Amino acid sequence: MTFTIATWNINSVRLRMPIVERLLLERAPDILCLQETKCPDDLFPFAAFRKLGYEHISISGQKGYHGVATIARRPIETIEKRDFCLKGDCRHLSVRIGAGGKSLLVHNFYVPAGGDEPDPEINWKFRHKLDFVSEMNAIRAEYNELSGSILVGDLNIAPLEHDVWSHKQLLNVVSHTPVETESFEAMRKAGDWVDLTRLNVPLDQKLYTWWSYRAQDWELSDRGRRLDHVWSSSNLTESLSSVEILREARGWDRPSDHVPVIARFDLD
DNA sequence: ATGGTAGTTGCACTA
């Protein structure tokens with residue numbers, strides 16, 4: 001069977017319902033992981049999702065900021081809503097879902113952006129981001145013959161040289177500083193995760209999932225960054241059939257500044 | 001070096 005997972009920083013789920021519906025109608029992923037829902041749980045637009053056939057919904061939302069939601073066509077079991085750095089932020093949610101003969105643990109993350117100043121001594125937001133990534137070392141890609149793990153989300157770090165429009169110009173810009181990219185890669189490796197988006201793409205090819213709202217013409221200037229990621233345990237890579245970055249969604253009506261990333265697997 | 005836009009707890013903060 002085919003299993004499709006999409007991740008998208010939606011920057012307000014209520015405001016973006018028209019384009020969320022468009023994604024679900026056009027792409028029909030089995031499971032959709034949203035970040036920055038900016039929506040308290042009691043105001044979540046459940047009905048709109050159910051109408052589209054997504055009746056299984058797990059959310060961790062708060063007023064105004066952050067917030068993650070995982071939405072599926074088939075039953076999901078909520079496993080954990082972990083409070084990283086004990087700040088009470090809604091930035092993580094894990095669920096379990098059956099896919100083919102396997103049970104998949106799906107982690108949905110919204111890593112702190114980290115503010116503008118890349119110095120943890122004077123910028124507490126950057127300190128928080130580094131601490132958050134360190135704490136993510138505990139999240140491992142668990143698997144056995146009957147199970148696997150997937151980790152997706154807006155991780156707010158572009159780890160590789162060609163994950164940003166200019167490596168040189170962004171070395172001191174939060175999201176691409178060496179302290180971030182090194183701890184990010186160390187964390188990924190410690191957890192035994194595979195970066196699926198880069199798996200079949202040459203390292204010298206540019207890949208972006210985010211384009212700033214502040215550009216006059218995002219498409220023309222094309223100054224993007226790869227902040228959104230899809231990782232899996234090593235036993236799932238042989239089943240991976242494609243990973244697609246839906247660049248066109250940046251040009252949809254009232255867009256998010258992030259676009260969906262969609263991974264497809266052929267599981268037995 | 002600066003400022004640009006978008007969202008919400010909107011006249012301040014976050015991204």
Side-chain angles (χ1 to χ4, degrees), chain A residues 7-23 33-45 48 59-69 83-85 87-92 108-120 122-133 152-159 163-166 168-177 179-181 184 208-229 246-261:
Chain A
T7 180
W8 198 4
N9 176 316
I10 199 60
N11 187 18
S12 172
V13 67
R14 284 173 288 175
L15 197 68
R16 291 310 161 214
M17 272 320 288
I19 59 172
V20 173
E21 288 177 8
R22 179 168 176 181
L23 176 78
C33 296
L34 297 172
Q35 303 86 35
E36 270 205 283
T37 53
K38 295 183 174 176
C39 182
D41 289 353
D42 56 340
L43 296 177
F44 194 85
I59 57 178
S60 178
Q62 65 187 84
K63 218 173 183 183
Y65 305 104
H66 325 314
V68 289
D83 182 7
F84 285 77
C85 303
K87 289 175 63 72
D89 288 352
C90 295
R91 296 180 177 276
H92 169 259
N108 180 357
F109 272 99
Y110 176 50
V111 171
D116 287 334
E117 178 56 57
D119 180 349
I122 59 177
N123 174 12
W124 68 266
K125 292 181 198 168
F126 195 64
R127 174 81 268 155
H128 176 217
K129 183 179 197 176
L130 297 177
D131 291 345
F132 194 103
V133 171
V152 305
D154 175 6
L155 306 184
N156 264 318
I157 293 173
D163 290 340
V164 293
W165 64 275
S166 168
K168 208 173 162 184
Q169 287 182 252
L170 288 173
L171 273 172
N172 202 33
V173 173
V174 172
S175 72
H176 195 61
T177 64
V179 64
E180 288 171 90
T181 58
F184 184 85
Y208 313 138
T209 65
W210 172 91
W211 293 261
S212 172
Y213 281 127
R214 296 173 188 175
Q216 283 186 348
D217 185 331
W218 71 272
E219 197 165 21
L220 188 66
S221 60
D222 200 22
R223 295 183 168 188
R225 305 179 199 169
R226 186 169 72 107
L227 304 178
D228 303 274
H229 298 268
L246 207 63
R247 181 185 167 103
E248 66 190 63
R250 186 61 180 78
W252 288 355
D253 197 35
R254 297 207 74 185
S256 167
D257 43 357
H258 297 250
V259 298
V261 183

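Please read all numbers here as calculations on a predicted model, not as lab measurements. Proteins come first, then strands; the chains are lettered A, B, ... in the order of their sequence lines, and each starts at number 1. The analysis underlying the following values was restricted to heavy atoms, covering all of them including side chains, and did not include hydrogens, waters or symmetry mates.
Straight-line distance between the P atoms of dA6(B) and dT2(B): roughly 23 Å, to the nearest whole Å. dC11(B) sits 27 Å from dA1(B) when the C1' atoms are compared, rounded to a whole Å.
Following rounding to the nearest Å, Glu36(A) (CD) and dG7(B) (C1') show an atom-to-atom distance of 8 Å. Atom CG in Asp253(A) sits about 12 Å away from atom P in dA6(B), given to the nearest Å. Between the C1' atom of dG7(B) and the CD atom of Gln35(A) lies a distance of 16 Å, rounded to the nearest Å. As rounded to whole Å, 13 Å separates atom P of dT8(B) from atom CG of Asn9(A). Here the P atom of nucleotide dA15(B) and the CG atom of Asp154(A) are 10 Å apart, to the nearest Å. Atom CZ of Arg223(A) is separated from atom P of dT5(B) by 16 Å (rounded to the nearest Å).
Among the nucleotides dA6(B), dT8(B), dA15(B), the one closest to the side chain of Tyr213(A) is dA6(B).
Screening Asn11(A), Asn9(A), Asp154(A), Asn108(A) for a side-chain hydrogen bond (donor to acceptor under 3.5 Å, both in side chains) with Gln35(A), the sole residue that qualifies is Asn108(A).
A close approach under 4.0 Å does occur between a side-chain nitrogen or oxygen of Arg16(A) and OP1 or OP2 of dG7(B). One finds no side-chain N or O of Ser212(A) lying less than 4.0 angstrom from the OP1 or OP2 phosphate oxygen of dT5(B).
Salt-bridge check for Arg247(A) with Asp222(A): passed, with a basic side-chain N closer than 4.0 Å to an acidic carboxylate O. Salt bridge annotation for Asp89(A)-Lys87(A): absent, with no cationic side-chain nitrogen under 4.0 angstrom from a carboxylate oxygen. Looking at Lys129(A) and Glu180(A), a side-chain N of the basic residue comes within less than 4.0 Å of a carboxylate O on the acidic one, giving a salt bridge.
Within 3.5 Å, a donor on the side chain of Arg214(A) pairs with an acceptor on the base of dA15(B), or the reverse.
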